[in-house]
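Below: one structure, written as structure tokens.
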2 protein chains.
Amino acid sequence: MNLKQLSDMLALSQTTVSRALNGYPEVSEETRRRVADAAKRHGYRPNPSARRLATGKAGMIGYVMPTGAAVDIDPHFVEFLSGLGDYARGHELDLVLSPADADEEETTYRRVVANKQVDAVYVSSPRPADRRVSLLNQLGIPFIVHGRSEGLDFDYAFLDIDNEAAFHDAARLLVQLGHTRVALINGDLGETFAILRERGARRALAASGLALAPERMRSAAMTEENGFRAATSLLQGDAPPTAILCSSLIMALGVVRAIRDLGLSIPGDVSVIAHDDVFPWLKPENFSVPLTTTRSSIRAAGQRIAERLAAKISGLESDPRGEVWPVDLVVRGSIAGAKS
Amino acid sequence: MNLKQLSDMLALSQTTVSRALNGYPEVSEETRRRVADAAKRHGYRPNPSARRLATGKAGMIGYVMPTGAAVDIDPHFVEFLSGLGDYARGHELDLVLSPADADEEETTYRRVVANKQVDAVYVSSPRPADRRVSLLNQLGIPFIVHGRSEGLDFDYAFLDIDNEAAFHDAARLLVQLGHTRVALINGDLGETFAILRERGARRALAASGLALAPERMRSAAMTEENGFRAATSLLQGDAPPTAILCSSLIMALGVVRAIRDLGLSIPGDVSVIAHDDVFPWLKPENFSVPLTTTRSSIRAAGQRIAERLAAKISGLESDPRGEVWPVDLVVRGSIAGAKS
DNA sequence: ACTGTCAGCCAAAGCGCTTTGAAGACCTCT
DNA sequence: AGAGGTCTTCAAAGCGCTTTGGCTGACAGT
């Protein structure tokens, strides 16, 4: 059933039927009802390809997915997808994933935009002065960044959590508990979120005259194994930390294993605070010693991003504003006062 | 730059240019070269919307993503995505995710197919006599199932690992080691993979006159917490198992925690074998006691599925054949002979 | 009674591609 | 020389929608 058949059936022109269906004002209420009725009864659905060709609108949002033999997609991504789905279903909003070689992302963005395959784009894991953000800004397609990029000379839309405050508060709490040797096991320092977390922790320590020494920092992809390695090397050095801040729950698994392997205890010998992105399959309260966390749900962020993206597409959101969410600090058994 | 401009520029008709570019035979070699040349030089790329409208081909593959407040997308999904990306990048093959309410998937499949939004579809986590598979078969769109569905009266294309053999072999190994009380902590028994794993384990036990008693089986979503609960209740019952088969590495985290919490040891008191889907962020060899696993990479499966989907789209694969991959059994320190 | 306005509808022109049906050019064969 | 092929190329007709630019008739204003 296409528009022509439907309009023939109603003895109306395609114009009128199209307008009736798309809510244009120049159609009488009665006609609109008749049309809507017939459309529903016959299960008419406009052909999206045709509509896209005519309007240039795609009704989809895009994501250029970096891949490559050496690239692993983050498990965090599914949480984002869950959130996106929460909003998108019921709104008939689809997501197009365009896999791209990690070093050819720009080409792919250009292709996707030039082809008008999508109406808006989602960008994740931004780095400082991220080129993707500049490119999208320049190409003029609506987009929203999950996280943020520093050092760009224009405003852009983003949604980020307050990583700096989260790690500031976590570090401050440790200091208040008497810890002076606090270590930070971070994600890839190329990404802004890691930089901000470091900054927050550093600021909190500095406020008490303490330093976040380079030898008490580690930075790597957030795997269990890297968490283990980082914690092991930290704790085996001299003047080992009495408290560890950790950027991810997955890494924290390795941290906990390292601590145990060394015959140390949590929180007796080492206090641990980790960041929790709220995975349904791994919960900080279920660690052998329940983990104190800074918590923020990626899924919730995914929902909000989908919502804002939809708003951008329909022109409801136009100013390039950033949105920063506060982060919970949830205290559980993994922290204690420093041994005196 | 569109086809008209390009053909004007070359003083050729749109027909000829289109044919030259799409490799039709009725174009002289010289013309073809000229056209290809000009196209490259001016960066001409056919508008996919227009092409789609004309041909009905979309150049994308689809996935209907079940979502809902109570639905969590599996972290396994990213591994699949990584694999898909491995193949798809370089082939300009995109993936469309259509979120759907978990109980309205059929509607969404119909919509996606009716709209010709995608050329082929990927189906995951099939159940016995899966209705999605019947539907797609009936709608006549190329598709491929990751896993398999039993009890359908037609053939269809699928890629599965040999879950039954994997758990058969794992169980047999435990029996050979003298274990008589073997437990199985499985995923959702509604899904075929879980049924097959149970069947495999059961068969191996039966071969030695042993039974897989219902009270030694647990089935739940594969989270750390569920692994913990299942193992705890198993080990606290009477005649507790001396060996546990576990369907996922994430659950195994909980299993290990439970064993430790109960003051038991691996493999001294309990042997453990888990299935490993090969996550880059959680490796069985890094468990405090390295875990014996049945191993099969989901990422590799994703690659293969993308490849076959592409083949189906271009008509190279037409027969509905199933492909079953063998599963490695990798022995590590978590198993030992049963205490006599 | 005449003009102006406006609501409601329509025909037709795109959007950029593929594909059908034909036609011109150039040979070969009888 | 004319019939019959084979190569190349082309004009034009879709694909199914949106949107521009009228057109018509009813009603209000003067």
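The sequence lines fix the lettering, A, B, ..., with proteins before strands; numbering per chain opens at 1.
Nearest nucleotide to the A:P46 side chain, out of C:dC9, C:dT18, D:dC17: D:dC17. For B:A50, the side-chain atoms get nearest to C:dG16 when compared with the rest of D:dC10, D:dG16, C:dG16. With C:dT18, D:dT19, C:dT19 as the candidates, the nucleotide lying closest to the side chain of A:R19 is D:dT19. Here the nucleotide nearest the side chain of A:A54, chosen from C:dG14, C:dT18, C:dC10, is C:dG14. The side chain of A:Q14 has D:dC17 as its nearest neighbour among D:dT9, D:dC17, C:dG16.
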| said: B:Y109 vs B:S98, test: side-chain hydrogen bond (donor to acceptor under 3.5 Å, both in side chains). Steps then yes/no. | reply: CA-CA 9 Å; B:Y109 277 109; B:S98 304; over 6 Å; no
| Stepwise side-chain hydrogen bond (donor to acceptor under 3.5 Å, both in side chains) check, A:R148 with A:T192 | CA-CA 7 Å; A:R148 75 189 104 164; A:T192 310; over 6 Å; no
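Salt-bridge formation is detected for the pair A:R131/A:E106: a Lys NZ or Arg NE/NH1/NH2 atom is positioned less than 4.0 Å from an Asp or Glu carboxylate oxygen. The pair B:E30-B:R33 does not meet the salt-bridge criterion, since no charged nitrogen lies less than 4.0 angstrom from a carboxylate oxygen. Salt bridge A:R299/B:D72: present, at least one basic N to carboxylate O contact under 4.0 Å. Between B:D37 and B:R32 there is no salt bridge, since none of the side-chain N atoms of the basic residue sits less than 4.0 Å from a carboxylate O of the acidic one. With respect to A:R89 and B:E104, no salt bridge is recorded, no charged nitrogen being found less than 4.0 Å from a carboxylate O.
A:T16 and A:V27 make their closest contact through O-CG2, 4.2 Å (heavy atoms, listed as atom of the first residue, atom of the second, distance). Here the closest non-hydrogen pair linking B:L93 and B:A310 is CD2-CB, 4.3 Å. Nearest heavy atom pair, residue B:Y44 against residue B:N2, reads CE1-C, 3.5 Å. Scanning both residues, B:S28 and B:T31, for their nearest heavy atoms gives OG-OG1, 2.6 Å.
Spacing between atom CZ of A:R52 and atom P of C:dG16 amounts to 14 Å, rounded to whole angstrom units. Between B:K4 atom NZ and C:dT18 atom C1' there is a gap of 16 Å when expressed in whole angstrom units. We find that CG of B:L21 is positioned 13 Å from C1' of C:dG16, with the value rounded to whole Å. Separating the CG atom of B:N2 from the C1' atom of C:dC15 is a distance of 10 Å, rounded to the nearest angstrom.
Proximity of A:Y24 to the phosphate of D:dT19: a side-chain N or O atom is located under 4.0 Å from OP1 or OP2. Of the side-chain N and O atoms in B:Y44, one or more sit less than 4.0 angstrom from OP1 or OP2 of C:dC17. At least one side-chain nitrogen or oxygen of A:T31 sits closer than 4.0 Å to the OP1 or OP2 atom of C:dC9. Between A:S13 and C:dC10 there is a side-chain polar atom (N or O) within less than 4.0 angstrom of OP1 or OP2. The phosphate of C:dC15 (OP1 or OP2) has no side-chain N or O of B:N47 nearer than 4.0 angstrom. Between A:S18 and D:dT18 there is a side-chain N or O to OP1 or OP2 distance below 4.0 Å.
Judged purely by distance below 3.5 Å, without hydrogens or angles, the side chains of B:Y156 and B:S149 never pair a donor atom with an acceptor atom.
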Kindly give the atom pairs (protein nitrogen or oxygen, nucleotide nitrogen or oxygen) under 3.5 Å for nucleotides 5-7 of chain C.
none

Pick out the pairs of N or O atoms, protein on one side and nucleotides 23-28 of chain D on the other, that lie under 3.5 Å.
none

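No engagement by B:A20 is indicated, since no non-hydrogen atom pair under 4.0 Å with the nucleic acid exists.
Annotation: the terminal axes of the helix from C:dA1-D:dT30 to C:dT30-D:dA1 meet at 60°, where each axis is the rotation carrying the C1' atoms of four end pairs onto the next four (5 pairs per end, rounded to 10°).
Note on ring orientation: taking the six-membered ring where Trp is involved, the planes of B:Y122 and B:H146 are tilted (angle from 30° to 60°).
Not a single donor-acceptor pair, N or O on each side, falls under 3.5 Å between the base of C:dT18 and the side chain of B:T15.
Toward the 5' end of DNA chain D, the nearer of the two residues A:R51 and B:R32, judged by each one's closest nucleotide, is B:R32.
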